[in-house]
Amino acid sequence: MFYMIEFDQKPGIERKQVAEAYQRFANHFAKLLPQFKLVGFFSRDLYMGHRPQYLALWEFSAYADLDAWNNLWTTDEEGRRLAQELSELAQDWNAKVLAKLL
């Protein structure tokens, strides 16, 4: 299973700022929830089509892993702080859980 997050950066924000903030966020959660593996964090280079600018793809094995994430979220102040830091750089969030078909 995959968790896909798409978003754009806010005006005036540089790619480097977003990449560094996402790296801090990903490193934090990778330590606490090793069942989630960051497949990659991507940014469009060729502007074919329109949004989103960024895509993060996480792999996990079961829906129960999402419960573990939600349970951690309620007590993890550092994780919420890192998410807020990222939110201040990004806009137009969209997230999906995907199942691999082929």
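Note that this is a predicted model, so its numbers are computed, not measured.
- Evaluation of the side-chain hydrogen bond (donor to acceptor under 3.5 Å, both in side chains) test over residues 28-42, restricted to residues two or more places apart or in two chains, returns H28-D76.
- The aromatic rings of F25 and W58 sit perpendicular to each other, their planes meeting at more than 60°, with 30° as the lower class boundary.
- Nearest heavy-atom pair, Y63 versus M1, reported as atom, atom and distance to 0.1 Å: CZ-CE, 3.1 Å.
- Between L72 atom CG and R80 atom CZ the span is 9.0 Å, to the nearest 0.5 Å.
- Using a distance-only test at 3.5 Å, with no hydrogens or angles considered, a donor-acceptor pair links the side chain of Q53 to the main chain of R44.
- Between the side chain of N27 and the main chain of R24, no donor-acceptor pair closer than 3.5 Å is present.
- Nearest heavy-atom pair across A90 and K10 is O-CE, 3.1 Å.
- Atom NZ of K100 and atom CD of E59 lie 7.5 Å apart (nearest 0.5 Å).
- Taking each heavy atom of F60 and F2 in turn, the nearest pair found is CE2-C, 3.6 Å.
- Nearest heavy-atom pair across L86 and V18 is CD1-O, 4.2 Å.
- The CG atom of D92 sits 11.0 Å away from atom CD of E6, with the distance rounded to the nearest 0.5 Å.
- Linking Ile, Leu, Val, Met, Phe, Trp and Tyr whenever their side-chain heavy atoms come within less than 4.5 Å puts V97 and F41 in one cluster.
- Listed by chain and residue number, nothing satisfies the ring pair (Phe, Tyr, Trp, His ring centres under 6.0 Å) test with Y3 (two or more places apart in sequence, or in another chain).
- Taking all atoms of both residues into account, the shortest heavy-atom contact from A26 to L38 is CB-CD2, 3.8 Å.
- Comment: R81 does not engage E77 in a salt bridge, judged by the lack of any side-chain N to carboxylate O separation of less than 4.0 angstrom.
- Side-chain contact between L89 and Y54: absent, with no pair of heavy atoms (C-beta onward) separated by less than 4.5 Å.
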